[in-house]
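Everything on this sheet refers to the single structure shown next.
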Amino acid sequence: MASAMQQVVVVWEWENSQHRWRPYSPQVVQLLERAFSKGLKSVFLGDAEPLLSNFSVHITSLRQLCDSSDREIAVRRQFYPPSSPAGRGAVWQWAGDTPSEWHSYDMDVQCLVETVWSMGEQTVDVSHVFPHLPYIINFCNLTQVKKTSGYVRQLRRAQQAAYPLTKVPADEFVFQPPTLEEIRRPPATSKKKDKKRKDKDSSGTKKLMKQLTRLSSRIADSLDPDAGPASRPSRRESGDSASVASGGRPPAPGSRPPARPPDGRRLSVATISTYISQSSHSSGRSVCLMDTNYRDDEVTLDQLLLMYTSVVLPTVGVACCICRYMLTEPSSYGDDLVIQLNGCRHAIHLDCLRAMVESTNQVQYLQCPACQSIYGRKVGQQPPGRMSTRRLPIPLPGYDCDTIEISYMISPGIQGPEHPHPGRPYKVRGFPRICYLPSTTQGRKVLRLLEEAWRRRLIFTVGPSATTGEQDVVTWNEIHHKTELHGNDSGHGYPDPGYLDRVTAELARHGVQ
């Protein structure tokens with residue numbers, strides 16, 4: 001008995017250098033599907049999309065060939081449900097580095113985003129289903145936040161032609177979308193791996209902060225015997241997220257620390273660390289948790305947390321901006337301790353902030369994932385090179401002054417421990433990079449900021465190229481430059497009246513201001 005047939009959407013996809021499957025456009029897929037149904041052996045993609053005139057697909061072997069380079073890549077024929085973006089004529093895209101530049105997500109990622117969006121959810125942590133994509137998507141303001149850096153990009157759901165339909169045996173098409181519980185909770189393997197890391201790191205921040213918190217309660221209870229457990233508000237019942245400031249001079253050695261404030265809130269981290277250092281000194285041990293006499297390359301995550309955060313009570317109804325769980329609940333990493341950044345006063349699960357910082361291999365600064373405020377001195381992973389400037393006696397379009405020419409030169413080298421693949425070579429493309437600024441008061445200020453960013457290794461980074469997908473390449477690091485003198489059709493030249501304000505804001509997000 002013949003198997004029942006099921007109608008599905010067919011999408012042809014090609015494999016890029018990062019081993020991710022990228023969908024062809026609906027027009028190219030129509031061409032490929034017609035050739036497949038007619039039993040043709042190969043098809044020229046330029047017949048459907050002129051930009052692909054150098055490419056052809058050998059349907060029998062499922063390989064894409066390039067006439068100019070003889071390069072071959074894999075191709076596959078994939079099926080999706082009619083309710084997917086491919087069947088609805090929709091496409092989810094994230095904004096590129098230049099105006100009007102948009103990149104489409106992989107089709108399986110688009111299916112996840114469409115499913116969550118259709119459910120009416122406000123956010124989705126893509127890494128819970130695709131661990132290699134550390135992004136949180138916020139449907140309220142249509143943004144994508146990178147968990148490892150806090151960098152925000154716009155996203156959109158655009159309309160395009162629907163992909164073609166076909167019929168396949170029902171038993172050959174199995175598409176099981178993730179459940180809402182799977183989307184909200186991280187994979188169990190990540191918790192096991194994280195648990196091993198925490199057990200190994202006995203001197204880590206989690207243990208330190210928990211000890212500080214427990215100690216604050218014991219200190220207050222010992223000094224205020226009338227305040228029993230029943231008189232203190234529960235951590236989950238209180239909506240007060242403000243910490244107690246440790247104003248004034250620290251108490252003299254041997255003096256009694258202040259009792260718990262009348263509102264029952266915990267002592268601040270700074271106050272607790274003062275008592276611990278005094279207690280350690282009186283017991284013969286030399287420990288100072290608030291020592292700030294360190295070089296930029298010696299700062300530790302523990303020191304940053306002690307200097308720039310305070311333990312607070314979670315506000316009811318407020319979510320952690322990293323894991324998106326309520327602050328009154330344990331984080332996705334298991335613990336429920338909440339801290340607040342002292343400047344912007346955004347509250348976060350301690351374990352979430354710790355994981356975000358450690359994943360970047362940089363512990364010299366903290367960056368708020370909500371507002372991107374920098375705490376400490378941010379230093380990047382830019383390889384060594386040379387930055388030089390000179391004055392050109394010509395004006396840029398829109399300005400009546402000389403022009404500042406900036407030249408960046410970086411040579412090939414070997415990646416260090418701060419880079420994605422230590423020990424591997426990194427490649428350079430398009431160097432020296434030549435950029436331009438107007439020699440106005442604001443333009444000269446931007447130049448000084450760029451020189452500081454260069455000293456902090458923030459202008460470039462090592463990673464995949466956003467345009468070619470090539471790995472281990474020196475690329476721009478989200479600080480935009482003007483590389484053309486005339487014409488701004490591509491977003492890389494002048495006139496552009498708002499450019500100096502935008503690049504100043506980008507530098508401020510990196511802590512350069």
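- For the 3.5 Å distance criterion, the side chains of His103 and Glu101 qualify, holding a donor opposite an acceptor.
- With 3.5 Å as the limit, one finds no donor-acceptor pair spanning the side chains of Gln340 and Ser310.
- Contact check for Trp94 versus Thr143: no side-chain heavy atoms found under the 4.5 Å cut-off.
- In this structure, Tyr494 has its ring center at least 6.0 angstrom away from the ring center of Tyr436.
- For the residue pair Gln144 / Arg153, no side-chain donor-acceptor distance below 3.5 Å is found, with atom types taken as modelled.
- Taking all atoms of both residues into account, the shortest heavy-atom contact from Asp106 to Arg20 is OD2-NE, 3.0 Å.
- A donor-acceptor pair under 3.5 Å is formed between the side chain of Gln382 and the backbone N or O of Phe460.
- A salt bridge links Asp496 with Lys482; the closest basic N to acidic carboxylate O contact falls under 4.0 Å.
- Side chain of His349 to main chain of Ile322: no donor-acceptor pair is present (N/O by atom type, distance under 3.5 Å, no hydrogens or angles).
- For Val57 against Leu32, the heavy-atom pair with the smallest separation is CB-CD2, 3.8 Å.
- A distance of 5.5 Å separates OG of Ser56 from CZ of Phe44, quoted to the nearest 0.5 Å.
- A salt bridge links Arg457 with Glu418: the closest approach of a Lys/Arg side-chain nitrogen to an acidic carboxylate oxygen falls below 4.0 angstrom.
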* **Arg88 vs Glu114, salt bridge (charged side-chain N to carboxylate O under 4.0 Å, His left out): CA-CA, chis, key distance, verdict** => CA-CA 10 Å; Arg88 293 180 174 180; Glu114 183 83 2; 2.8 Å; yes
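- Side chain of Gln415 to main chain of His421: a donor-acceptor pair is present (N/O by atom type, distance under 3.5 Å, no hydrogens or angles).
- Trp476 and His481 have parallel rings, their planes meeting at less than 30° on a 0 to 90° scale where 60° marks the start of perpendicular.
- The aromatic rings of Trp92 and Phe139 sit perpendicular to each other, their planes meeting at more than 60°, with 30° as the lower class boundary.
- Residues His480 and Glu506 bring a donor and an acceptor atom of their side chains to less than 3.5 Å of each other.
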* I would like to know whether Arg429 and Glu470 meet salt bridge (charged side-chain N to carboxylate O under 4.0 Å, His left out); could you show each step before the answer? => CA-CA 10 Å; Arg429 300 285 185 262; Glu470 186 179 13; 2.8 Å; yes
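- At a threshold of 4.5 Å between non-hydrogen side-chain atoms, the residues Val75 and Tyr24 count as touching.
- Closest approach of Asn477 to Leu458, counting heavy atoms only: ND2-O, 2.9 Å.
- Residues Trp12 and Glu33 have side chains that bring a donor and an acceptor to within less than 3.5 angstrom of each other.
- The shortest heavy-atom contact between Cys344 and Ser373 is CB-OG, 4.2 Å.
- Between Gln471 atom CD and Ser465 atom OG the span is 9.5 Å, to the nearest 0.5 Å.
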